[in-house]
Amino acid sequence: MLPAYEMDVGTEPLAGPARNSVGGWPFLDEGQPWPECFCGERLALFFQLDLPPDLGPFGGAHLLVFHCRAHNDATDAQMTADGRLVPRYWDAPQPPYPAPFWRVLLQRRATLPTAEPEPSVRALPLTLRPFADTPGENGLGAQRFKVGGAPSWAQEPEYYQCACGTDLVYLCQVPEGMEFAVHPGQPEQPYSIGADTYGLFLSNEVYLLACPAHCDPAAVWPVNQN
Ligand SMILES: [Zn+2]
Ligand SMILES: [Zn+2]
């Protein structure tokens, strides 16, 4: 099990780029464009952070979670006959959609922020604090906004094999119903809880499972449960 860090969202809006943020200025590898949805909208940056060096195969990488404002649904894993996620599952059709409406990236050379910040989700500081995510008798970790530790599965645990053949590893959890404040005047997100907030994946509990082989920066599968 990886060490656990609880993530706290601050209340004082960011005035400039920060590597650990909700909203804000995405830090992307050189040549990595700001991801877009199949609908043509630029995906909203929900949060990003530098992964602490002790997070095993993910330590030192920069994690970014983008999701479409206009498309809000749960994920549906597409598998091959031999039980792997389909090739390039991060771009593959997500019926009824022709492609995913989200993008999760692990960037390893993200040195500079974009010139412009995320326009809709409010830019707030994100702080990491180590905590002991000791699984209880049920084997589950704490139901928190966190990286590392143990997932607090709301349903049966889910395991996936990356298209590259490597078993995905649980990396990050976003608790069910977590809302992200948006600037006034932004279009409402369908099915979101509040008129002035956006959510991820229909506000399901989200468990990010990532490829420890780093076969692609987007080789991360978001599991949804409730
Ligand atoms: Zn979209
Ligand atoms: Zn892989």
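Order of appearance sets the numbers: ligands from 1, and atoms from 1 within every ligand. Values reported hereafter were calculated over all heavy atoms of this structure, with side chains retained and with hydrogens, waters and symmetry mates removed.
Rounding to the nearest 10°, we obtain 100° for the angle at the Zn ion (ligand 1) between Cys37 SG and Cys39 SG.
You'll find the ring centres of Trp102 and Trp221 inside the 6.0 Å limit.
Put simply, the side chain of Tyr160 never gets that close to the backbone of Arg84: no donor and acceptor are under 3.5 Å apart.
Between His71 and Phe101, the ring planes lie tilted relative to each other; the angle falls in the 30° to 60° range. By the 30° and 60° cut-offs, the orientation of the rings of Phe145 relative to Phe47 is perpendicular.
The Zn ion (ligand 1) lies closest to atom ND1 when only the N/O/S atoms of His71 are considered.
The Zn ion (ligand 2) does not have His214 among its coordinating residues (no N/O/S atom, backbone or side chain, under 2.8 Å).
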